[in-house]
Protein chains: 2
Amino acid sequence: MPHCHTSIETLRRRGYRITPQRALIIEAIAHSCRHMTAEEVFARVQQRTPGVNIATIYRTLDFLVKEGLAHRADLGSGQVIYATIQHGPHIHLVCRQCGTVIEADEQLIAALRVQLQQQYGFAADLQHFALSGLCRDCQERFETEQ
Amino acid sequence: MPHCHTSIETLRRRGYRITPQRALIIEAIAHSCRHMTAEEVFARVQQRTPGVNIATIYRTLDFLVKEGLAHRADLGSGQVIYATIQHGPHIHLVCRQCGTVIEADEQLIAALRVQLQQQYGFAADLQHFALSGLCRDCQERFETEQ
DNA sequence: CTCCTACCTGCAAGTATTCGCAAAAGCAAT
DNA sequence: ATTGCTTTTGCGAATACTTGCAGGTAGGAG
Ligand SMILES: [Mn+2]
Ligand SMILES: [Mn+2]
Ligand SMILES: [Zn+2]
Ligand SMILES: [Zn+2]
């Protein structure tokens, strides 16, 4: 997954500085096919270059999200997860009762995306996000208990 | 807004104990027509009954969310906001570049709600939530900068 | 009204993340 | 290669929650 270079070039073109820390962090999330927590990125970066500070990890991940090169999602697990924009698009359905996570197809929100753009001029980040609610089992439990 | 009683009765019916702390917190969010942060709920509760701990505020607000009696939304302001389910349904569109918040009509996600229920048996909490993205101005800025 | 016990709360310590500031280092222009 | 300006980083402290645990209390049984 050599998408690191794409991201790095994009940032350079936009006038940002490419520091070793940024390159390492971009490489870390580009090489993971899954989501990563800030701590996981930190551990991987430390392996190669000890001395990078955890605050830099957080700052850089947030910077990449702001630049549209990474996604952030809070599934309510206590730690936020990050992924590259290459991470296949999908929605996480998180049950607020039991914590179960269902992965849903992002096609579901294709229509919503178009409407938000047309009615509000808002380009929503819907490639990778979390929705809270009740899973089937917990709905049934709620109904029987009233 | 005497919805406190409805919430209290619901909880009692479900077998939970009604402590003075819970009653105060329920009353606090029921009387505010807006969102409240945990700190704001804390301040209001303290006025009436000093001694209630901030941990109880957080635990109770999360408990109310889990029981479906309150909504929680993270608009990225640094503090999570809570509101009763009476709070009129709407979506917050939060720009990840400039932080601007647009309030959008929840009708936009009526179709999504139905699809999630049919395809995944998931009852999504879509009355009051936040979507991240780019506002019109920031989109234009991004395009000109490439 | 009193007792019992599971559920709740206060407290203090822990975790995840953010922020202010001074020093370090990209990178563009000499 | 050197300089200079501005961005970025490291560090330590602050913030916004969260958790473990021991003692307190709501509310049902007797
Ligand atoms: Mn995912
Ligand atoms: Mn709102
Ligand atoms: Zn569930
Ligand atoms: Zn914007």
Side-chain angles (χ1 to χ4, degrees), chain A residues 7-26 28 35-43 45-46 48-67 69-70 72-82 96 99 130 132 145, chain B residues 7-26 28 35-43 45-46 48-67 69-70 72-82 96 99 130 132 145:
Chain A
S7 292
I8 287 174
E9 279 320 303
T10 303
L11 292 178
R12 207 185 290 278
R13 205 177 334 114
R14 289 184 190 164
Y16 296 108
R17 295 183 185 171
I18 309 306
T19 61
Q21 291 92 331
R22 285 188 173 168
L24 280 163
I25 292 165
I26 287 168
H35 323 120
M36 291 179 92
T37 64
E39 282 296 335
E40 285 166 352
V41 174
F42 180 55
V45 168
Q46 285 295 91
R48 307 214 169 186
T49 311
V52 177
N53 195 271
I54 187 75
T56 302
I57 305 287
Y58 279 108
R59 269 190 295 231
T60 304
L61 288 171
D62 288 351
F63 165 73
L64 294 173
V65 170
K66 221 175 130 213
E67 290 302 314
L69 301 172
R72 178 210 321 234
D74 184 356
L75 308 193
S77 65
Q79 272 166 276
V80 168
I81 58 175
Y82 296 87
R96 79 172 120 84
S132 177
E145 286 175 13
Chain B
S7 292
I8 286 173
E9 279 320 303
T10 302
L11 291 178
R12 208 187 290 278
R13 205 177 332 113
R14 290 185 188 164
Y16 297 107
R17 294 185 186 169
I18 309 305
T19 62
Q21 291 92 330
R22 285 187 173 170
L24 280 163
I25 293 165
I26 288 169
H35 323 119
M36 292 179 92
T37 64
E39 281 297 335
E40 285 166 351
V41 175
F42 181 56
V45 168
Q46 284 296 91
R48 306 214 170 188
T49 311
V52 178
N53 196 272
I54 187 76
T56 302
I57 306 288
Y58 279 108
R59 270 190 293 232
T60 304
L61 288 171
D62 289 349
F63 165 74
L64 293 174
V65 170
K66 219 174 129 212
E67 291 302 314
L69 302 172
R72 179 210 320 235
D74 183 357
L75 307 194
S77 66
Q79 273 166 278
V80 168
I81 57 175
Y82 297 86
R96 80 172 119 84
S132 178
E145 285 175 16

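Throughout, a chain's letter reflects where its sequence line sits, starting with A, and its residues are numbered from 1. For clarity, every value in this text was computed on a predicted model and none was experimentally measured.
Applying the side chain to side chain contact (heavy atoms under 4.5 Å, CB included) test to Ala43(B) and every residue at least two apart in sequence or in another chain returns nothing. Residues that satisfy the side-chain hydrogen bond (donor to acceptor under 3.5 Å, both in side chains) test with Arg12(A), not counting sequence neighbours, are absent from this structure. Contacts of Arg96(A) classified as side chain to side chain contact (heavy atoms under 4.5 Å, CB included), with partners at least two apart in sequence or in another chain: Ser132(A), Leu134(A), Phe142(A), Val65(B), Asp125(B). Legend: residues meeting side-chain hydrogen bond (donor to acceptor under 3.5 Å, both in side chains) with Arg72(B), ordered by chain and number and at least two apart, are Asp62(B). Annotation: side chain to side chain contact (heavy atoms under 4.5 Å, CB included) contacts of Thr49(B) (sequence neighbours excluded): Leu24(B), Val52(B). For Asp74(B), the side chain to side chain contact (heavy atoms under 4.5 Å, CB included) test picks out Val80(B), with sequence neighbours left out.
Distance Arg22(A) CZ to dA24(C) P: 19 Å, rounded to the nearest Å. Note: CD (Gln79(B)) to P (dT17(C)) measures 16 Å, nearest angstrom. dT18(C) atom P lies 13 Å from atom CD of Glu39(A), rounded to whole Å. Taking atom CZ of residue Arg72(A) and atom P of nucleotide dA16(C), one finds them 16 Å apart after rounding to whole Å. Rounded to a whole Å, the CZ atom of Arg13(A) is 21 Å from the P atom of dG26(C). In this structure, Asn53(B) places its CG atom 6 Å from C1' of dC11(C), rounding to the nearest Å. At whole-Å resolution of the value, CZ in Arg17(A) and C1' in dA24(C) are 11 Å apart.
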Give every pair of a protein N or O atom and an N or O atom of nucleotides 28-30 of chain C that lie under 3.5 Å apart, one pair per line with the distance.
none

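For Gln21(B), taking side-chain heavy atoms from C-beta onward, the closest of the listed nucleotides dC7(C), dA25(C), dG10(C) is dG10(C).
A distance of 8.5 Å separates CG in Asn53(B) from CD in Gln46(B), rounded to the nearest 0.5 Å. Here the OG1 atom belonging to Thr19(A) is positioned 7.5 Å from the CD1 atom belonging to Ile25(A), to the nearest 0.5 angstrom. Remark: Leu69(A) CG to Ser7(A) OG distance equals 4.5 Å, nearest 0.5 Å.
Boundaries of the chain B contact region on DNA chain D are dA16(D) to dG27(D), first to last in 5' to 3' order (nucleotide atom under 4.0 Å from a heavy atom).
Along DNA chain D, the nucleotide nearest to Thr19(B) and the one nearest to Ala38(B) differ in position, and the one closer to the 5' end is contacted by Ala38(B).
The two atoms that bring Ile8(B) and Ile18(B) nearest to each other are O-CD1, 3.8 Å, heavy atoms only.
With contacts defined as side-chain heavy-atom distances shorter than 4.5 Å, the pair Glu67(A)/Thr10(A) does not qualify. Looking at heavy atoms from C-beta onward, Leu64(B) lies out of side-chain contact with Tyr82(B) at the 4.5 angstrom threshold.
Sorted pairs that involve residues 16-26 of chain A and meet salt bridge (charged side-chain N to carboxylate O under 4.0 Å, His left out), not counting sequence neighbours, are lacking altogether.
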Side-chain donor-acceptor contacts of residues 54-61 of chain B below 3.5 Å, not counting sequence neighbours, with atom names and distances?
| residue | atom | partner | partner atom | Å |
| --- | --- | --- | --- | --- |
| Thr60(B) | OG1 | Thr56(B) | O | 2.7 |

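Applying a 4.0 Å cut-off to non-hydrogen atoms, the residues of residues 54-64 of chain B that approach DNA chain D are Ala55(B), Tyr58(B), Arg59(B), Asp62(B), listed by residue number.
At its two ends the helix from dC1(C)-dG30(D) to dT30(C)-dA1(D) runs along axes set 30° apart, each axis drawn from five pairs and the angle rounded to 10°.
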